[in-house]
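What follows is a single structure, written as structure tokens, with notes after it.
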Amino acid sequence: MINPITRKSYILLCSLDYHQSYRQMSSTTPENSNDAKIIAPYGSWKSPITSDLVSGSDKFLFGISVDCFGHLFWVESRPNESGRLVLVKQGEKEGDEPIDITPKEFCVRSVTHQLQGGAFCISGDTLFFSNYKDQRLYKQSISSKDSTPVPITPDHGTPLVSYADGVFDSRFNRYIAVQEDCRKSSMNSITTIVSINVDNESIQDIAEPEALVAGSDFYAFPRMDPKGERMAWIQWNHPDMPWDRSELWVGYIGDEGEMQKRICVVGGDQMVVESPTQPKWSPQGELFFISDRETGFWNLYKWVESTNLVVPVFQLDAEFARPMWNFGMNSYDFIEDKDQKSLIACSYRMMCSQNGKSYLGILDPVQCTLSPIDLPFTEITMILIQTSGIHCLYIEGASAVDPLSISKVTLDYQKSKAVDFRITWSSSRICSAYKSYFSMPELIEFPTSVPGLSAYAYFYPPSNPIYQANREEKPPLLLKSHGGPTLETRAILNLGVQYWTSRGWAIVDVNYGGSSGYGRRYRERILGQWGIVDVNDCCSCAKFLVDSGKVDGERLCITGESAGGYTTLAALAFTETFKAGASLFGIADLNLLKEEMHKFESHYTDNLVGSGSAYFERSPINFVYQFSCPVILFQGLEDEVVPPDQARRIYTALKEKGLPVALVEYQGEGHGFRKYFSCYAG
């Protein structure tokens with residue numbers, strides 16, 4: 001028991017403490033590991049994993065690429081530079097410092113559809129990138145030191161025309177990209193696939209891009225074949241999201257660079273529900289892609305052009321892709337074996353396999369075999385082949401003890417195992433100093449409120465090499481609800497989780513019904529049920545942990561950001577499971593969300609919520625009087641998705657009700673925190 005502070009107030013103060021900057025300990029490991037542990041109540045343990053460490057230590061990754069010489073490039077965030085995104089080149093030799101390619105006055109970031117990624121492309125010696133401030137496309141030499149970026153798209157005076165997911169077309173010496181034009185309306189922007197001249201003699205010669213493909217609400221993945229004669233792309237229309245239903249098209253390019261004809265490869269049959277993604281041409285000119293058309297899981301397929309048929313490359317109850325919340329996703333690539341036979345290096349995750357582990361696999365499309373490669377990473381999100389050698393590839397990944405990193409993997413001649421694995425970039429180099437404090441995740445399956453249905457979560461028990469609690473005491477629980485809601489949480493190192501577990505808290509990160517990673521059927525549980533299924537699953541998970549004797553049923557807390565913040569607020573408004581909550585830019589008003597949402601997500605809630613009355617009935621802001629416990633709210637003052645007024649209204653209502661409540665506002669932050677001290681939302 002903690003006195004004189006009440007237990008509820010203590011929970012609130014712990015949340016406040018998280019976003020303050022101070023260090024509680026100077027050492028990172030016990031002075032004498034043989035000493036007996038200190039007996040202290042859960043939640044009172046001291047830890048060197050402090051809030052300033054969490055908010056300031058991590059960089060975030062926004063894309064990787066390999067040039068024709070095998071050099072690795074990546075875009076990383078700089079929390080100490082207000083979240084500026086910088087393209088970085090790996091040092092020429094091992095041990096050399098990485099080289100910043102992006103000048104100080106530029107930021108490599110596109111705002112197309114408000115998605116991340118797809119902001120740059122490298123072809124030969126030339127870099128093409130979107131600049132955040134004006135959203136124009138620029139080209140820049142990457143071999144010449146201090147090269148100045150040169151614009152290749154017009155200056156419209158405002159950043160209302162943006163570009164993303166581009167590729168270079170060497171046949172016509174042009175750049176092909178997705179363009180979003182918001183000049184007439186930001187709520188109903190015009191999206192096209194355009195071609196852009198890259199050989200302007202002067203800024204005055206810059207012309208408007210020419211439309212190659214138009215007419216649909218959204219486009220992604222424009223990809224040229226090796227000869228520049230065909231282009232594949234993905235398109236979809238309202239009210240669908242790309243993971244609900246989309247189409248794969250192929251267009252044939254004429255001698256003047258025009259689109260002569262086009263055909264729909266998959267997605268056009270209204271009787272078949274599928275969401276193709278990541279089209280890619282093999283070196284031999286065959287079109288591969290990923291779809292959930294037959295099994296309900298995103299598997300690899302190939303288009304047979306001569307017969308216009310689609311054949312599965314390999315079928316497995318596993319996800320070879322994830323929802324398209326980012327441009328430039330790349331979960332497979334082509335690699336050759338010792339006999340120059342074309343193979344496919346791919347990442348995949350089997351449903352509930354080995355603690356939710358992702359695998360790197362080598363797929364032989366001829367023999368129809370898939371061979372997993374054993375690696376230290378348990379999560380793999382991006383794969384790129386090093387073009388200068390047939391045995392090397394780069395992967396973006398992480399594990400329970402490794403933060404998000406880029407690793408170079410060298411395979412043997414048979415492509416059957418990794419003979420070398422080395423991390424070339426890490427989002428947080430200092431993490432290893434705190435390894436003795438890390439809590440290891442446990443994948444749990446728990447029963448939901450629907451008979452016969454289970455859901456999944458990762459449970460992190462309290463862990464600290466110096467402290468332990470009395471055997472009779474159970475730890476407090478902080479339940480995390482991820483955003484999206486069509487996303488998933490993974491069992492990878494997160495210092496924000498370790499901040500709590502090293503202080504004696506248990507954490508559970510829930511993949512409620514509607515999460516990705518478990519196939520279409522699991523993903524669609526939330527359709528029409530947002531605010532019900534997610535809330536019920538979070539409550540069921542907490543109850544399961546209490547019944548299992550893992551946590552204290554009187555000290556259950558919940559937190560989440562964006563859509564996860566909505567689940568948090570809904571759980572506090574409509575249930576009595578939790579004793580405190582923390583919402584980070586959480587959605588409180590579903591009607592306002594629908595009215596003011598940008599184009600990409602403007603119809604998202606139609607499928608998630610359903611009827612008009614449900615928008616009112618499931619909005620926590622309409623039921624603040626039902627809140628009965630302490631709440632802390634974190635809000636960016638430039639948030640256009642969740643206006644600050646929502647958090648302020650909740651704060652005022654709870655204050656008037658006499659409940660412990662706090663509101664922390666951040667100047668210069670939008671929907672998601674990027675800056676030092678506020679970049680981590682956890």
Side-chain angles (χ1 to χ4, degrees), residues 234 236 239-248 266-267 269-278 289-301 310 312-325 329 331 347-359 443-458 481-491 509-541 544 563-564 567 603-610 614:
I234 298 293
W236 68 99
D240 293 317
M241 299 300 285
W243 51 83
D244 294 326
R245 186 189 287 267
S246 56
E247 300 171 359
L248 168 61
V266 296
D269 185 351
Q270 294 302 306
M271 302 301 293
V272 179
V273 179
E274 63 178 312
S275 52
T277 185
Q278 294 189 45
F289 63 96
I290 296 174
S291 180
D292 56 353
R293 64 188 339 247
E294 295 178 357
T295 65
F297 291 89
W298 275 310
N299 284 189
L300 272 161
Y301 290 84
V310 169
V313 177
F314 192 85
Q315 290 188 310
L316 188 68
D317 285 353
E319 298 281 50
F320 287 74
R322 59 189 64 202
M324 204 204 88
W325 283 106
M329 303 175 81
S331 61
S347 65
Y348 64 98
R349 184 165 76 88
M350 296 179 65
M351 186 172 173
C352 309
S353 67
Q354 291 192 13
N355 213 21
K357 179 181 178 180
S358 291
Y359 294 89
L443 177 66
I444 61 172
E445 180 178 353
F446 59 90
T448 70
S449 59
V450 179
L453 288 186
S454 295
Y456 307 93
Y458 294 104
S481 175
H482 65 71
T486 313
L487 281 172
E488 65 177 304
T489 187
R490 297 291 184 100
D509 216 345
V510 182
N511 277 323
Y512 47 77
S515 302
S516 58
Y518 302 90
R520 177 179 282 271
R521 184 175 297 180
Y522 194 90
R523 202 166 65 238
E524 292 184 344
R525 286 186 189 180
I526 204 169
L527 296 184
Q529 299 292 308
W530 190 30
I532 298 176
V533 166
D534 49 322
V535 170
N536 288 344
D537 284 359
C538 287
C539 293
S540 295
C541 182
F544 173 79
T567 301
H603 289 263
Y604 190 22
T605 56
D606 292 348
N607 294 328
L608 292 173
V609 179

To the nearest 0.5 Å, atom CG of Leu527 lies from atom CG of Leu608 at 6.5 Å
Taken to the nearest 0.5 Å, the spacing of Asp509 CG from Ser481 OG works out to 8.5 Å
Please answer whether the main-chain N or O of [Y] pairs with a side-chain N or O of [X] as donor and acceptor at a distance below 3.5 Å.
{"X": "Ser246", "Y": "Pro276", "answer": "yes"}
{"X": "Asp317", "Y": "Met350", "answer": "no"}
{"X": "Asn511", "Y": "Tyr456", "answer": "no"}
{"X": "Arg520", "Y": "Asp244", "answer": "yes"}
{"X": "Thr448", "Y": "Ala455", "answer": "no"}

Review point. Can you tell if the side chain of Ile234 reaches within under 4.5 Å of the side chain of Phe289, non-hydrogen atoms only?
Key: no
Exercise for review: Check whether NZ of the Lys or CZ of the Arg Arg521 lies under 6.0 Å from the centre of the six-membered ring of Phe297 and within 45 degrees of that ring's axis.
Suggested key: no
Of all the heavy-atom pairs spanning [X] and [Y], show the shortest one and how long it is.
{"X": "Ser515", "Y": "His482", "answer": "OG-NE2, 2.7 Å"}
{"X": "Ile290", "Y": "Trp298", "answer": "CG2-CB, 3.5 Å"}
{"X": "Ala318", "Y": "Tyr348", "answer": "CB-CD1, 4.3 Å"}
{"X": "Arg245", "Y": "Val273", "answer": "NH2-CG2, 3.1 Å"}
{"X": "Met241", "Y": "Tyr604", "answer": "CG-CD1, 3.5 Å"}
{"X": "Asn299", "Y": "Leu316", "answer": "OD1-N, 2.7 Å"}

Run Arg490 and Ser358 through side-chain hydrogen bond (donor to acceptor under 3.5 Å, both in side chains) and show every step you take.
CA-CA 10 Å; Arg490 297 291 184 100; Ser358 291; 3.1 Å; yes
| Ser516: partners by side chain to side chain contact (heavy atoms under 4.5 Å, CB included), with sequence neighbours left out |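 For Ser516 the side chain to side chain contact (heavy atoms under 4.5 Å, CB included) partners, ignoring immediate neighbours, are Pro323, Glu488, Arg523.
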Could you go through Ser275 and Met324, starting from their C-alpha distance and side-chain angles, then the distance that decides it, and tell me whether this counts as side chain to side chain contact (heavy atoms under 4.5 Å, CB included)? CA-CA 10 Å; Ser275 52; Met324 204 204 88; over 6 Å; no
Margin query: Could you go through Ile444 and Cys541, starting from their C-alpha distance and side-chain angles, then the distance that decides it, and tell me whether this counts as side chain to side chain contact (heavy atoms under 4.5 Å, CB included)?
Written below: CA-CA 9 Å; Ile444 61 172; Cys541 182; 4.1 Å; yes
* Walk me through it: do Leu443 and Tyr458 pass the test side chain to side chain contact (heavy atoms under 4.5 Å, CB included)? => CA-CA 5 Å; Leu443 177 66; Tyr458 294 104; 3.7 Å; yes
Exercise for review: Under the side chain to side chain contact (heavy atoms under 4.5 Å, CB included) rule, what do Thr567 and Cys538 come out as? Steps first, then yes or no, please.
Suggested key: CA-CA 9 Å; Thr567 301; Cys538 287; 4.0 Å; yes
- Message: Angle between ring planes, Phe446 versus Phe544, binned at 30° and 60°: parallel, tilted or perpendicular?
- Response: tilted
- Query: Taking only residues two or more places apart in sequence, or in another chain, which ones meet Gln278 in a side-chain hydrogen bond (donor to acceptor under 3.5 Å, both in side chains)?
  - Reply: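 Listed in chain order: Ser331.
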Taking the six-membered ring for Trp, are Trp243 and Trp325 closer than 6.0 Å centroid to centroid?
yes
### Message
Going by the rule salt bridge (Lys or Arg N to Asp or Glu O under 4.0 Å), which residues pair with Glu274 if we only count those two or more places apart in sequence or in a different chain?
### Response
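Result, salt bridge (Lys or Arg N to Asp or Glu O under 4.0 Å) vs Glu274: Arg293.
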Side chain to side chain contact (heavy atoms under 4.5 Å, CB included) partner of Tyr512, chosen from Val535, Ile526, Val533, Asn536: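 The residue from Val535, Ile526, Val533, Asn536 that satisfies side chain to side chain contact (heavy atoms under 4.5 Å, CB included) with Tyr512 turns out to be Ile526.
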